[in-house]
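Everything below concerns the one structure shown next.
In the text below, chain A, chain B and the rest are named by the order of the sequence lines, each starting its count at 1. Because only heavy atoms are used, hydrogens play no part in the values below, and waters and symmetry mates are left out as well, while side chains stay in.
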Amino acid sequence: AQSVAQPEDQVNVAEGNPLTVKCTYSVSGNPYLFWYVQYPNRGLQFLLKYITGDNLVKGSYGFEAEFNKSQTSFHLKKPSALVSDSALYFCAVRVRDSSYKLIFGSGTRLLVRP
Amino acid sequence: EAQVTQNPRYLITVTGKKLTVTCSQNMNHEYMSWYRQDPGLGLRQIYYSMNVEVTDKGDVPEGYKVSRKEKRNFPLILESPSPNQTSLYFCASSLTGDRYHEQYFGPGTRLTVT
């Protein structure tokens, strides 16, 4: 079965420190990879994506993600966390077929303390 | 402003009372989809549509219906809601084709069925 795993329910970091939110996937072929963020009472906002090419992709709000094909991982990173980064983060994959379906991880709550 | 809108944002109803959640996008997207979000499960796809009059089941379609009579609208219909359909629902849309990948999400509809 195709799946996405976010092993940490919550990640706690201090403001100014680097952050990493982990994501691994198990899907066939070479999927498209995404990160979305959800703020309270809001929909999901697109952060960044990996389609092909450079393994390090940069996205919105200073976030970046590193694709590792051998480990089937796509970890989200930021060099210096802000309190305003506190939110729920979802990793998602889309298989390269005609369905356009996104398979989501269970989400990781990021808490950045002042 | 390019956006996906959903109505209502909040709905409390009783078992068996038919309801419709509307979704509309103003980006001329071909693809539209409905997801439900439940704690610890991430988002799961209910139904999707590749274009007008073309719809298909996602991973959890039981108890739901959809229609796509116009390109911009993709309503979600619960003919006889049950308490296990209490959830947070998101509509999403995107262009189709190899150049377009990310989906744009509406603000969500929180449904409670008593």
So that I know where these two stand, are B/Phe74 and B/Tyr47 an aromatic pair - ring centroids less than 6.0 Å apart?
no
Which atoms of B/Gln6 are under 4.5 Å from chain A, going by heavy atoms: the side chain, the backbone, both sets, or neither?
neither
Heavy-atom distances under 4.5 Å only: say whether B/Asp38 touches chain A with side chain, backbone, both or neither.
neither
Chain B heavy atoms under 4.5 Å from A/Gln38: which part of the residue, side chain, backbone, both or neither?
side chain
Heavy-atom cut-off 4.5 Å, strictly under: side chain, backbone, both or neither for A/Leu88 against chain B?
side chain
Check whether the side chains of B/Asn73 and B/Ser24 place a donor and an acceptor atom closer than 3.5 Å, and report yes or no.
yes
Side-chain H-bond candidate by donor/acceptor type, B/Asn7 with B/Thr5, under 3.5 Å:
no
Is there a chain of hydrophobic side chains (I, L, V, M, F, W, Y, each step under 4.5 Å between heavy atoms) that links A/Tyr89 to B/Leu41?
no
Is the shortest side-chain heavy-atom distance between [X] and [Y] below 4.5 Å?
| X | Y | value |
| --- | --- | --- |
| B/Tyr64 | B/Gln85 | yes |
| A/Lys77 | A/Phe63 | no |
| B/Val113 | B/Thr15 | yes |

A/Tyr50 and A/Phe67 aromatic ring geometry - parallel, tilted or perpendicular at 30°/60° bounds:
parallel
Residues of residues 12-23 of chain A within contact distance of chain B, non-hydrogen under 4.5 Å:
none
